[in-house]
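Below: the structure, in structure tokens.
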Amino acid sequence: MTHQRSPAQPPPRKRRKRKKSRSSPAATTIHSLTDDLLLQIFLRLPSLATLVRAALACRPWRRAVVSSPDFRRRFRELHPSPFLGLFFQPPSPVEDPAFPAFPYFVPARRHDRNLLAAVRGGDFFLTYIQGHPEKALSWEILDCRSGYVLLRNGDQLSSKAMAVVNPLARRHWFFDDSPWEVCEGSRGTSFGLNACLLYSDEAPTSFRVVALAIDESRVRAAVFSSDTREWEIHPWVDAPGRPRRSKMWLRNSKMQSNGFLYWVYNNHKYMITLNTETMWFSAEELPRFLKNHCCSFDIGETKSCEPCLVYAIDFTVGVMLRRTDSDGIEKWMLDRATPLDTQLDGVLRKMKAGYDELLVVAVRDGFAYLATASKVDPHKQSWFLSLCLETMKLENLFQKEYDSGAHPYAMAWPPSLVGNYGIFALEDGT
């Protein structure tokens with residue numbers, strides 16, 4: 001007899017197979033990123049200022065940047081040091097130490113809040129130098145490179161008449177500017193105003209200063225090292241092509257590119273070059289159209305760190321590069337010349353009518369810094385502009401009277417992202 005289930009009795013439940021328990025995966029956080037992946041993300045940040053804020057968020061991130069010179073090299077290639085503004089010389093020459101004359105800074109208009117924060121946090125009034133009780137009130141800028149400013153004291157009797165200042169890091173160094181006094185038989189004219197600052201992003205706590213001395217026919221260099229705190233005097237060298245019967249045959253101006261320093265003769269016929277690695281001098285004749293005293297030019301680097309010479313004639317800007325001619329001689333050769341009239345019409349609009357030429361202020365990191373000028377009214381306020389040498393695109397910076405020298409200031413790599421310096425070495429120990 002077959003057993004039948006009662007209609008009121010519910011059917012038996014089916015047994016479910018119990019799944020084997022698995023441990024839940026660990027949560028993935030940003031700290032789980034490898035250094036390689038983290039640095040790939042950092043490469044996509046818009047500027048050095050943004051990288052500084054991100055890398056200093058925690059010690060592992062800072063350690064990743066510090067331990068990778070290759071990353072820093074690639075970041076510099078993608079993101080040149082951000083331009084923050086221009087330092088201007090005092091309106092009048094520093095002649096009387098009792099009369100205050102001090103450089104001043106004009107920031108560029110920037111919308112990047114990280115760059116604005118960097119400027120606000122820096123000492124761009126150079127207050128420590130101004131407030132130093134043993135120094136004169138008068139200082140002038142000799143050079144400005146990679147976030148460092150080289151200044152000279154107006155008091156000729158001061159024992160420490162030069163200073164190097166990093167406004168962003170609020171660091172400064174004082175040292176003697178008279179290397180020739182320690183050199184016996186050093187006749188000639190000290191050319192301290194032509195001193196140049198040499199600095200490397202990979203050695204942010206060290207620098208060198210190169211100064212010149214000249215006589216009627218020769219030139220010699222002296223090099224100050226921040227590591228040794230001493231000047232090294234180099235031998236006299238004959239200067240070819242110098243003007244005869246002239247003691248001051250070298251112009252009070254200097255240019256720099258990739259470890260080479262350049263000075264132009266007063267007769268605008270030759271330019272003398274110093275290789276700072278070998279300390280050898282050489283001289284070459286200037287290109288024909290640069291011998292025009294009305295043509296302003298400067299030497300710097302392209303974005304790819306190639307030496308370049310940028311000149312301006314009226315509203316046309318030309319770029320020259322080092323190339324080898326048909327005779328196998330390396331010289332400055334014209335790469336391109338670009339009229340900027342149309343761009344100036346768009347940037348300055350009706351105000352362009354008050355100017356008739358451009359002046360080359362400086363060339364740095366793939367940009368030429370220009371100023372408008374009027375031959376009719378030399379005291380007319382200038383418009384300062386930046387020109388990207390890769391795209392030849394103009395950007396308006398600000399308007400100001402151009403009555404003295406101007407020096408572009410760019411943000412340098414802070415020591416905390418290059419090596420273990422100061423409190424970072426104590427905290428990390430890596």
Side-chain angles (χ1 to χ4, degrees), residues 35 39 42-56 61-85 87 112 114-115 118-119 121-122 124 142-150 164-173 196-210 223-227 255-261 275-277 299-308 362-367 369 389-390 407-425 428 430:
D35 284 356
L39 294 179
F42 281 174
L43 280 177
R44 289 162 173 77
L45 295 177
S47 69
L48 175 59
T50 309
L51 173 66
V52 171
R53 297 193 68 177
L56 296 183
W61 291 9
R62 187 193 78 90
R63 187 184 297 113
V65 174
V66 169
S67 60
S68 179
D70 182 63
F71 164 78
R72 296 194 295 273
R73 177 187 57 78
R74 287 185 293 156
F75 193 92
R76 293 187 190 103
E77 292 174 353
L78 295 173
H79 312 283
S81 297
F83 169 71
L84 299 183
F87 270 105
D112 187 327
N114 294 316
L115 292 178
V119 174
F124 286 91
L142 302 183
D143 202 1
C144 183
R145 301 281 168 175
S146 300
Y148 285 76
V149 184
L150 174 64
V164 170
V165 181
N166 183 334
L168 283 178
R170 295 176 174 265
R171 297 168 60 91
H172 59 273
W173 299 262
C196 298
L197 180 63
L198 300 176
Y199 167 84
S200 170
D201 282 326
E202 287 299 302
T205 59
S206 300
F207 63 86
R208 291 185 296 159
V209 175
V210 179
V223 181
F224 175 84
S225 170
S226 62
D227 296 331
M255 299 169 282
Q256 182 179 155
S257 175
N258 291 347
F260 287 83
L261 305 179
N275 183 334
T276 59
E277 183 176 350
I299 295 176
E301 307 87 21
T302 64
K303 187 177 179 181
S304 60
C305 297
E306 184 178 6
C308 66
V363 180
R364 301 279 195 281
D365 300 321
F367 285 85
Y369 297 94
L389 298 180
E390 185 176 21
H407 302 265
Y409 184 87
M411 182 178 182
W413 280 70
S416 57
L417 293 190
V418 179
N420 290 285
Y421 301 99
I423 61 172
F424 294 98
D428 271 355
T430 57

Nearest heavy-atom pair of Y148 and P204: which atoms, and what distance?
OH-O, 2.5 Å

Minimum heavy-atom separation for I299 and M255, please, with both atom names.
N-SD, 3.6 Å

Going through the checks in order, is the side chain to side chain contact (heavy atoms under 4.5 Å, CB included) test met by V164 and S226?
CA-CA 10 Å; V164 170; S226 62; over 6 Å; no

Should R72 and D201 count as an ion pair when the cut-off is N to O under 4.0 Å?
no

Nearest heavy-atom neighbours spanning Y199 and S146
CD2-CB, 3.1 Å

State, to 0.1 Å, how close G122 and R170 come at their nearest heavy-atom pair, and which atoms those are.
O-NH2, 3.6 Å

Please evaluate residues R74 and L43 with respect to the criterion side chain to side chain contact (heavy atoms under 4.5 Å, CB included), reporting the C-alpha separation (whole Å), side-chain torsions for both, the decisive distance (0.1 Å), and the verdict.
CA-CA 8 Å; R74 287 185 293 156; L43 280 177; 3.6 Å; yes

Between atom CG of L150 and atom CG of L142, what is the distance when rounded to the nearest 0.5 Å?
4.5 Å

Side-chain contact test, heavy atoms from C-beta onward, threshold under 4.5 Å: evaluate it for L84 versus L168 and give yes or no.
yes

Which word best sums up how the rings of W61 and F42 line up, parallel for under 30°, tilted for 30 to 60°, or perpendicular for over 60°?
perpendicular

Describe, in one word, how the ring planes of F207 and W173 are oriented to each other, choosing from parallel (under 30°), tilted (30 to 60°) and perpendicular (over 60°).
perpendicular

Would you check if the side chain of S81 reaches a backbone N or O of A412 as a donor-acceptor pair within less than 3.5 Å?
no

To the nearest 0.5 Å, what is the distance between CG on N114 and OG on S47?
6.0 Å

So, taking the atom named CG in D365 and the one named CD in E301, what distance separates them when rounded to the nearest 0.5 Å?
6.0 Å

How long is the span from the CG atom in L115 to the CG atom in L48, to the nearest 0.5 Å?
8.5 Å

Indicate yes or no: at least one non-hydrogen side-chain atom of L45 is less than 4.5 angstrom from one of H79.
no

Among residues at least two apart in sequence or on other chains, which ones pass salt bridge (charged side-chain N to carboxylate O under 4.0 Å, His left out) with D143?
R145

Show, in sequence, the C-alpha distance, side-chain angles and deciding distance for Q256 and L197, and conclude whether the side chain to side chain contact (heavy atoms under 4.5 Å, CB included) test is met.
CA-CA 9 Å; Q256 182 179 155; L197 180 63; 5.6 Å; no

Take R62 and L417 through the test side chain to side chain contact (heavy atoms under 4.5 Å, CB included) and record every step on the way to the result.
CA-CA 6 Å; R62 187 193 78 90; L417 293 190; 3.9 Å; yes

Taking F83's backbone N and O only, do any of them form a donor-acceptor pair with Y409's side chain (distance below 3.5 Å, no angle check)?
no

Closest heavy-atom contact between R208 and V223?
CD-CG1, 4.0 Å

Are any side-chain N or O atoms of S68 and backbone N or O atoms of A64, one a donor and one an acceptor, separated by less than 3.5 Å?
no

Just to verify, which of V65, V66, V52, L56 counts as forming a side chain to side chain contact (heavy atoms under 4.5 Å, CB included) with S416?
L56

Within-4.5 Å side-chain heavy-atom neighbours: L261 and L198
yes

Sequence neighbours excluded, which residues qualify as salt bridge (charged side-chain N to carboxylate O under 4.0 Å, His left out) partners of R73?
D70, E77

Between E202 (side chain only) and P69 (backbone N and O only), is there a donor and an acceptor less than 3.5 Å apart?
no

Interatomic distance, T276 atom OG1 to F260 atom CZ [nearest 0.5 angstrom]
7.5 Å

What are the two closest non-hydrogen atoms of A169 and N166, and how far apart are they?
N-OD1, 3.1 Å

